[in-house]
Amino acid sequence: MGTAGHIDHGKTALVKALTGIDADRLEEEKRRGITIDIGFAHLELPGANGDSLRLGFVDVPGHERFVRNMLAGIGGIDLVLLVIAADESIKPQTREHFDICRLLSVRQGITVLTKSDLVDRDTLEVVRLEVADFIRGSFLDSSQAPMIPVSTISGAGIEELKRALLDIVAKIPARDSTNIARLPIDRVFTMKGFGTVVTGTLISGAVHREDELEIFPCGQGVRVRGIEVHGKPADEAVAGERTALNLAAISTEQLSRGMMLAPPGILRPTTRIDVDLSLLVSAKALKNRARVHFHSYSSETIATVTLPGTKQISPGETSFAQLQLAEPLLLLPDDRFIIRQFSPVVTVGGGIVLENLPLVRPQKASEYLKILKALSGDPVLARIELTGARGLPVAEAVFRTGWRLEQIIKAAAALPQVARMGESFILKAAIAAIEKEMLSTVDNFHRQNPLLPGISKEALRSRFPRVSQDVFTRVFDGQVTQKRLEMAGELVKLPGRGVVMKDEEAESQKLIENAFASAGLKVPAMKEVLSGLKIDKARAQKIITLLLRDKILVKVSEDLLFHKDALNELRRLIATQKAKTARIDVAQFKDLTGVTRKYAIPLLEYLDRERVTRRIGDERIIL
Ligand SMILES: Nc1nc2c(ncn2[C@@H]2O[C@H](COP(=O)(O)OP(=O)(O)OP(=O)(O)O)[C@@H](O)[C@H]2O)c(=O)[nH]1
Ligand SMILES: [Mg+2]
């Protein structure tokens, strides 16, 4: 529970009257009689069915100069006590704090008219009407939330307030303690005998003794040595509780307000967020590229606002916006934030984080918004849709939704339109589109390259830059298994497709092959062969390449090609020769094969390479 309200309206006195605890803990606060930084207190009340209810209080300063401290404390609250002094009624920070509560979507609260002892009945009634007007239509509207006059001097109204608290607490749903734990740090100090201690309101999940946690945004790991909840040692803290953690392996200098603790290795800080941004009616229009102060939970930084497709947000309007943060913060979808004008610093608006990993340029916002609208409905599906053909890696799904891995896997498995491909989720429709495009890419390749047997896998991969390697490999393998694609050596082809020759090309291929086959080892000069063909040189070159690829022709040296049959015959000759002699020289080779020296040397070198012979001096050993 948080307090809210103008300076000196009796927030701290009220917390003390309820809990017996003075939340002003600083010496300067006591001396000046004002609250400077947030303070804490707690209260046990008997619950409805005999159990006891523990309420944690965050008491905030009302002074306008300390609104940023107020913001650091108010982020984790479930309900608010809006404190308005009956002798002063609504003042500037009454408005500002109330605006902040609404922008942060605080849903429950009680309006407390303090200092009722200082005014007469009639004045109290006037203030009551004034305040009722002020809160009309909000979460504090008299139709759903009580307004209670109290005096901390006489004690009037305090018991009634406690009863109202019990009623209202029953209406507040428990926070999800099975979720990923997040603790925004609001205080850091050293405790004698313990070392480093941080405190905060645990906004989700649970923390146990000996848990390993990560500090955001710096990424350092820490271990939880001890836990206190509302000032008492505990084995665990659960969502909603005021939590103090004694941390091992870190000094206070490495920690500060605004950092956040969460389980290690699964979340990521971000500097760019897509948001739903609301501007207060009292604010000036917010221009594209405006710089603002950004507050979320206990953190604070500077943000630049981009408004895709619009020049400004008018007072009272809500719009899609993209924020560039000066420092990285751990933010998850649905996190609330406040923006304050750069100078002079006043609260001007706030909103909800939609995306912590914006994928699309803001220019494409309209298309993007349509999908984002579905976010609150089914965040897992929405993000799978947003990633399209790329697919959503499972690990990325965790930090983009803030859901636990098991939860996401379960949710995705229940979605009939979603498939899991290795470590990614992807829409079945997206897979179908990739399959189709893959087949048509190979088909087009065949059409454009009739003399090539297929496309290389790398070339095919490069046509799908937005598809992750994981998804590509699986879709591709699937197509091969289903025999829609085939591998021809290193190349990818459609079944039944490959080299297609026109009649004269096929005829030329025959001619070339025959010319080489009939020449045996006395191969013809290439020029001679080509001059007898009906096709141009480039085509003929391709045909020769094909014959080489199919190993019908074999390249023995840079300008000597032989038919495979001729070379096989040569091997046979050498084998028979081996029966007679283990060695052969160039002259003997020439006699044996009937070739000239011009051919003999390259052929012998070829045989050496093929390990049919081995050269020793001027002779060869037949192996
Ligand atoms: N007469 C009377 N005085 C009160 C009552 N509640 C608070 N006060 C006095 O009002 C002054 C301010 O009270 P605080 O509780 O410090 O006010 P606050 O709202 O916490 O002030 P900040 O934290 O600085 O914003 C103190 O002198 C209190 O004694 C009340 O019910 N009746
Ligand atoms: Mg105070």
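Both ligands and their constituent atoms are indexed starting at 1 by order of listing.
Around the Mg ion (ligand 2), the protein atoms of type N, O or S that sit closer than 2.8 Å are Thr12 OG1, Thr35 OG1.
Looking at ligand 1, you won't find any N or O of Asp59 less than 3.5 Å from one of its N or O atoms. Of the N or O atoms in Thr12, one or more lie within a sub-3.5 Å distance of an N or O in ligand 1. For ligand 1, the polar-atom distance check against Ser116 finds no nitrogen or oxygen pair separated by under 3.5 Å. Among the atoms of Asp117, some N or O lies under 3.5 angstrom from an N or O of ligand 1. Considering backbone and side-chain N/O of Ile34, none are found under 3.5 Å from N/O of ligand 1. At least one N/O-N/O distance between Gly10 and ligand 1 falls below 3.5 Å.
Protein heavy atoms are absent from the 4.0 Å sphere centred on atom 28 (C) of ligand 1. Distance remark: protein heavy atom present below 4.0 angstrom from atom 21 (O) of ligand 1. Protein heavy atoms come within 4.0 Å of atom 2 (C) of ligand 1.
Neither the backbone nor the side chain of Thr3 comes within contact range of ligand 1; no heavy atom lies under 4.0 Å.
If you check each of Lys115, Glu29, Glu64 against atom 8 (N) of ligand 1, the one with the closest non-hydrogen atom is Lys115.
Centroid-to-centroid, the aromatic rings of His293 and Phe342 come within less than 6.0 Å.
A side-chain donor-acceptor contact under 3.5 Å links Asp59 and Thr3.
The shortest separation from a heavy atom of Gly5 to ligand 1 is not under 4.0 Å, leaving the residue out of contact.
A side chain to side chain contact (heavy atoms under 4.5 Å, CB included) with Phe337 is found for one member of Leu277, Leu329, Leu104, Leu103 and no other, namely Leu277.
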